[in-house]
Every structure is written in structure tokens, then in C-alpha cells.
Amino acid sequence: MATSWFSVLLLVSIVFSCFLAASAGDFYQEFDLTWGDKRAEILNGGRLLTLGLDKASGSGFRSKREYLFGRIDMQIKLVSGNSAGTVTAFYLSSEGPNHDEIDFEFLGNLSGDPYIVHTNVYSQGKGDREQQFYLWFDPTKNFHTYSIIWSPQRITFMVDNIPIRVFNNEESIGVPFPKNQPMKVYSSLWDADEWATRGGLVKTDWSKAPFKAYYRNFNAYSWNSVGTDVWRTQALDATGRRWLRWAQKYHMVYNYCADLKRFPHGRPRECRRSRFL
């Protein structure tokens with residue numbers, strides 16, 4: 001697969017040509033620190049943001065702007081060491097009981113175990129569309145780029161420009177799809193030891209607190225009004241599909257579409273249409 005990197009980068013450049021950069025970089029300009037008191041900080045003249053978690057509280061931030069379709073990129077360095085019980089969430093969400101939401105959640109681990117990235121899509125207040133993957137690198141050593149590409153046709157989750165999941169718009173068969181509610185960008189670091197690590201079997205070790213996650217190089221691209229027909233139909237090319245199959249074959253650890261115990265009367269309708277399970 002290494003020889004395909006050029007093709008992947010070419011794919012990304014083609015996708016970017018359908019976007020217009022809306023914002024970049026400065027956390028002071030782009031985000032509000034919403035909770036956690038001084039556990040959340042903006043540093044280095046707005047180029048770095050950190051979230052902290054201790055036994056008393058976690059912390060979080062939210063974008064000042066709302067987005068309706070586009071590409072959201074964030075470079076994150078996750079909690080290092082024994083992070084069991086912690087969750088670092090990075091997601092898009094609207095507000096209200098019938099909210100839409102597109103989630104990355106990074107589930108903490110015991111030192112030396114791989115991180116799990118948990119993905120989900122909500123539409124009109126309903127989620128339950130989880131897929132989980134082991135990351136193929138140590139996300140605590142360096143910053144890595146996590147991206148959500150959202151169009152009226154599909155949602156693509158990417159890690160370092162490698163697609164790991166595509167959720168297609170299947171409204172034609174009665175599956176709700178988030179397309180009408182603008183969403184803000186959120187992130188939080190919080191304690192979820194009742195479920196996060198091995199289903200809650202491994203609890204948070206507060207002697208390791210405070211836990212820290214780091215953020216830099218935020219970029220948001222809104223759709224360019226020029227070339228609308230192009231981006232509305234933009235999909236992965238052959239190389240992108242190969243990377244998607246690679247991620248799902250070798251790194252997926254849970255897929256709601258394959259959970260027959262959860263759906264004894266048949267898989268959700270969108271699962272029956274998807275080539276990628």
C-alpha cells in the first residue's frame with residue numbers, strides 16, 4: 001500500500017479543489033472554551049489548545065462558527081500513558097433533542113495497548129450507528145490529523161487522509177441523513193470509565209491525573225459555490241476505496257452492521273446497501 005501514497009495525496013488535492021477555506025489555525029478566533037475552568041487552555045499565541053481532566057472535572061471547547069457541509073480537519077495528540085477510562089471526543093453537532101451529530105471518540109487504554117477510535121452518526125436525535133477501529137500507530141507520540149468530510153451525499157471519516165468509514169445518504173430507502181441542521185465543532189476530554197475501556201472493566205487511575213490532550217492546525221473548508229455539481233457527487237476513487245477496505249479489514253473491531261445479536265430481526269436498512277461492512 002505504501003506505493004499508493006501519491007494517489008492518496010492526489011485524491012486529497014482533488015477534494016480540496018472543491019472547497020473554499022473558511023477558517024484556519026487561530027484557536028482564539030475560532031473557538032470558545034466552554035467548560036472545565038482552567039483545565040482548558042489556549043497557548044502559543046492561539047496556535048495550540050490543551051484540554052485537561054482530573055478527578056473533579058474534564059474540559060471542552062466549541063467553535064464560534066456553524067458549518068453546513070464541508071471538511072473539518074484537526075491535528076490531535078491524545079492522552080499518553082495509562083489513559084484507561086478517559087474519552088477524548090472530537091465531533092460536529094447541532095443543538096436540541098432532534099440534533100444531528102458526527103462523532104470521533106478516542107477511547108483510552110492501558111499503557112501499551114492500542115487506542116480505539118469510535119465513530120458514530122446521529123440524525124434527528126437518533127444514533128446507534130457505531131463503528132470502531134484500532135489505530136495503526138501510537139496517537140500519543142505525535143500529532144495526527146482527524147477529518148470529517150460532510151456533503152449532502154455522504155460522510156467520510158479520515159485519519160491522516162486515509163478513509164476509515166463512509167456513511168452514505170440513503171434517504172431513498174427511509175434512512176435519516178444529517179443535511180439540514182448546521183453544526184458546530186466540539187471537543188471534550190472526560191471520564192467515562194463506566195464503559196470506555198473494555199466495556200468499563202478497566203477504571204480510571206486517578207494517580208495518573210491530570211490527563212492532557214493537545215490540539216493544533218484546525219482547518220475548516222466550506223463548499224465552494226463554484227463547481228457545486230462536482231462536490232455533490234465527489235466520492236472516493238479506486239485508491240481511496242482500497243484504503244477503506246484495508247482499514248475495515250485489518251483495523252475494524254466493531255461494526256453495528258455485523259452485530260446480529262443487536263439486530264435479531266435483520267440489519268438496519270443502510271447496512272444492506274453498503275459494500276463496506
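Just so you know, these numbers come straight off a predicted model, no measurement behind them.
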Quiz prompt | Full working for salt bridge (Lys or Arg N to Asp or Glu O under 4.0 Å) between R272 and E170 | solution = CA-CA 11 Å; R272 304 167 208 171; E170 298 287 4; over 6 Å; no

Quiz prompt | Reported OG-to-CG distance for the pair S93 and D103, which is rounded to 0.5 angstrom | solution = 7.5 Å

Quiz item: Checking D37 side chain against R39 main chain: does a donor-acceptor pair fall under 3.5 Å?
Solution: no

Quiz item: So does D259 pair up with K261, basic N to acidic O under 4.0 Å?
Solution: no

Exercise. Determine, for E194 against K203, whether the closest basic-nitrogen to carboxylate-oxygen distance falls under 4.0 angstrom.
Key: no

Self-check item: Flag, side chain of R71 to backbone of I148, donor-acceptor distance under 3.5 Å
Solution: no

Practice problem: Return yes if some donor-acceptor pair links the side-chain N/O of N82 with the main-chain N/O of A84 below 3.5 Å, else return no. | Solution: yes

Quiz item: With distance as the sole test, does D237 use its side chain to make a donor-acceptor pair with the main-chain N or O of T239 at under 3.5 Å?
Solution: yes

Self-check item: Within the 6.0 Å centroid threshold, strictly below: Y146 and F106
Solution: yes

Quiz item: Does E171 pair with K179 as a salt bridge, N-O distance under 4.0 Å?
Solution: yes

Practice problem: Kindly state whether the ring of Y215 and the ring of F27 have centres lying under 6.0 angstrom apart. | Solution: no

Quiz item: Okay, side chain of S83, backbone of N109: is any donor-acceptor separation there less than 3.5 Å?
Solution: yes

Quiz item: Short question: side chain of Y67, backbone of L92 - any donor-acceptor pair under 3.5 Å?
Solution: no

Quiz prompt | Distance, nearest 0.5 Å, that separates CH2 of W136 from CD1 of I164 | solution = 6.0 Å

Quiz item: Donor-acceptor pair, W150 side chain versus P178 backbone, under 3.5 Å?
Solution: yes

Exercise. Decide whether a cation-pi geometry holds between R129 and Y122; the criteria are a distance under 6.0 Å from NZ or CZ to the six-membered ring centre and an angle within 45° of the ring axis.
Key: no

Practice problem: Verify salt bridge (Lys or Arg N to Asp or Glu O under 4.0 Å) between D128 and R262, making sure each step is shown before the conclusion. | Solution: CA-CA 10 Å; D128 300 328; R262 186 172 169 187; 3.6 Å; yes

Self-check item: Test salt bridge (charged side-chain N to carboxylate O under 4.0 Å, His left out) applied to E30 and K64, R47, R65, the passing residue
Solution: R65

Quiz item: Quick one: CE on M252 to OG1 on T119, what's the gap to the nearest 0.5 Å?
Solution: 7.5 Å

Quiz item: Between Y256 and E270, is a side-chain hydrogen bond (donor to acceptor under 3.5 Å, both in side chains) present by the stated rule, with each step listed?
Solution: CA-CA 11 Å; Y256 78 110; E270 68 270 18; 2.8 Å; yes

Quiz item: What is the minimum heavy-atom distance between P163 and G240, and which atoms define it?
Solution: CG-O, 3.4 Å

Exercise. Using modelled atom types only, decide if a donor and an acceptor are shared between the side chain of D73 and the backbone of F218 within a distance under 3.5 Å.
Key: no

Exercise. Assess the pair Y91 and Y186: is the distance between their ring centroids shorter than 6.0 Å?
Key: yes

Self-check item: Pairwise distance CG(D100) to CD(Q181) - rounded to 0.5 angstrom
Solution: 4.0 Å

